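Below is one structure; the comments refer to it alone.
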Protein chains: 2
Amino acid sequence: MRIGQLAQLVGVETQTIRFYEQQGLLPPPDRQDNGYRVYTEKHGEGLAFIRRCRILGLSLAEIHELQSYQDDPHQPCTAVNALLDDHISHVRSQITALQALEKQLVSLRASCNDDRGVEACGVLAGISEGNMHQQ
Amino acid sequence: MRIGQLAQLVGVETQTIRFYEQQGLLPPPDRQDNGYRVYTEKHGEGLAFIRRCRILGLSLAEIHELQSYQDDPHQPCTAVNALLDDHISHVRSQITALQALEKQLVSLRASCNDDRGVEACGVLAGISEGNMHQQ
DNA sequence: TTAAAACTATAAAGCTACTATAAGGTCAAT
DNA sequence: ATTGACCTTATAGTAGCTTTATAGTTTTAA
């Protein structure tokens, strides 16, 4: 199959596929005489793996790491689990930070209604004076 | 004061200050005969405002918008509040998305203990087979 | 006094994960 | 013959800095 079909199959853009190849995440496929890339089902699986990892928020570097584990199936999967644990704790700290941020924003927003001029705006004043009780 | 002192005062790197100037977020300061930038207290306040906005997660474009409101204090502050409301809802949807992601990651992680080879790893299998019940 | 350390300047590249644009070659159908 | 859809490479743009390179200036220590 050619790049456009693969792209449609997995739901990515063709440029993204070329990008992954260039980044070493997808093996370079064979070429037709005219230079067109020819993909196999294996490539489709590889690409789908990458996309699922991306949906899970893994970085390309982390995906690369996972691929290296896949290529060497004899080692224990401790490293895979550790990578995921790291990622989970990363996501959790993001959530915590965003929740704190939301609280701050809401309290800032509560300091002004819409019926003022900018010079009396509680929001701008709040930011300017720096009375942002940081966590 | 020179750029290094300003940087230390506000807690940013000197390059960041030059970057903000280049982006039009910080007015170009006067220069000494040797070309060194000379900052006033006003610059310090402006820079502190920018940093507080950044801590609140506002983009440079949004900060630019806020600055334009500051420069024109006669208009009502509806726009300021709208900007903040938008940002709050953005943060909230980020939180929701991350919480869904966390659930997914935790359930994936639960599909494997550490005592397997990579070829039997529940995590890798889970990603590969795509049994990720998406939201 | 001089040499090193610390500071300043500009310009350009690097980072992440793509997306978009440009300029062109290939192929099937009209 | 030419239109349209597809493919190729190379390059630039996105956000918000950070890093690197190269060079000039000031301050401090020997």
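Note that the coordinates shown come from a computational prediction; the quantities given were computed from them, not determined experimentally. In the text below, chain A, chain B and the rest are named by the order of the sequence lines, each starting its count at 1.
- Within the structure, the salt bridge (Lys or Arg N to Asp or Glu O under 4.0 Å) test picks out no pair touching residues 5-16 of chain A (sequence neighbours left out).
- A heavy atom lying under 4.0 Å from DNA chain C marks the following residues of residues 2-12 of chain B, by number: B/Arg2, B/Ile3, B/Gly4.
- B/Arg18 places its CZ atom 12 Å from the P atom of C/dA11, with the value rounded to the nearest Å.
- Using a 4.5 Å heavy-atom threshold, the side chains of A/Leu66 and B/Ile127 count as touching.
- By the 4.5 Å heavy-atom criterion applied to side chains, A/Ile50 and A/Val10 are not counted as neighbours.
- Inter-axis angle, ends of the helix from C/dT1-D/dA30 to C/dT30-D/dA1, five pairs per end, rounded to 10 degrees: 30°.
- Listed by first then second residue, pairs satisfying salt bridge (Lys or Arg N to Asp or Glu O under 4.0 Å) with a partner in residues 73-85 of chain B read A/Arg109-B/Asp85, not counting sequence neighbours.
- In this structure, A/Gln22 places its CD atom 11 Å from C1' of D/dT11, rounding to the nearest Å.
- Separating the CD1 atom of A/Ile17 from the C1' atom of D/dC6 is a distance of 14 Å, rounded to the nearest angstrom.
- For the pair B/Arg54 (side chain) and B/Leu58 (backbone), a donor-acceptor distance under 3.5 Å is present.
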For nucleotides 19-21 of chain D, print each protein N/O atom paired with a nucleotide N/O atom at under 3.5 Å, atom names and distance only.
none

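- Of the residues in residues 26-45 of chain A, A/Arg31, A/Gly35, A/Tyr36, A/Arg37 come within less than 4.0 Å of DNA chain D through at least one heavy atom, sorted by number.
- Residues meeting the side chain to side chain donor-acceptor pair (under 3.5 Å) test with A/Gln67, sequence neighbours left out: none.
- Of the possible donor and acceptor atoms, one in the side chain of A/His87 sits under 3.5 Å from a partner among the backbone N and O of A/Leu56.
- Pairs of residues two or more places apart, or lying in two chains, never qualify as salt bridge (Lys or Arg N to Asp or Glu O under 4.0 Å) while including a residue from residues 58-77 of chain A.
- Nearest to the side chain of B/Thr16, among C/dT8, D/dT9, D/dT18, sits D/dT18.
- For B/Glu45, the side chain to side chain contact (heavy atoms under 4.5 Å, CB included) partners are B/Glu41, not counting sequence neighbours.
- For residues 23-55 of chain B, the set of pairs meeting the ring-ring contact (aromatic ring centres under 6.0 Å, His included) definition, not counting sequence neighbours, comprises B/Tyr39-B/His43.
- Listed by chain and residue number, A/Asn34 satisfy the side chain to side chain donor-acceptor pair (under 3.5 Å) test with A/Gln32 (two or more places apart in sequence, or in another chain).
- No donor-acceptor pair under 3.5 Å is formed between the side chain of B/Gln8 and the backbone N or O of B/Gln5.
- Rounding to whole angstrom units, CD of residue B/Gln23 and C1' of D/dT18 are separated by 14 Å.
- By the 4.5 Å heavy-atom criterion applied to side chains, B/Pro27 and B/Lys42 are not counted as neighbours.
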side-chain contact (heavy atoms from CB on, under 4.5 Å) evaluation trace for B/Leu60 with B/Phe19:
CA-CA 11 Å; B/Leu60 298 192; B/Phe19 172 75; 3.8 Å; yes
Report each atom pair, protein N/O against N/O of nucleotides 13-17 of chain C, whose distance is under 3.5 angstrom.
unit_1 : atom_1 : unit_2  : atom_2 : d
C/dA17 : OP2    : A/Leu60 : N      : 3.3

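- Inter-residue side-chain proximity for B/Arg18 and B/Thr14 is flagged as met; some heavy-atom pair is nearer than 4.5 Å.
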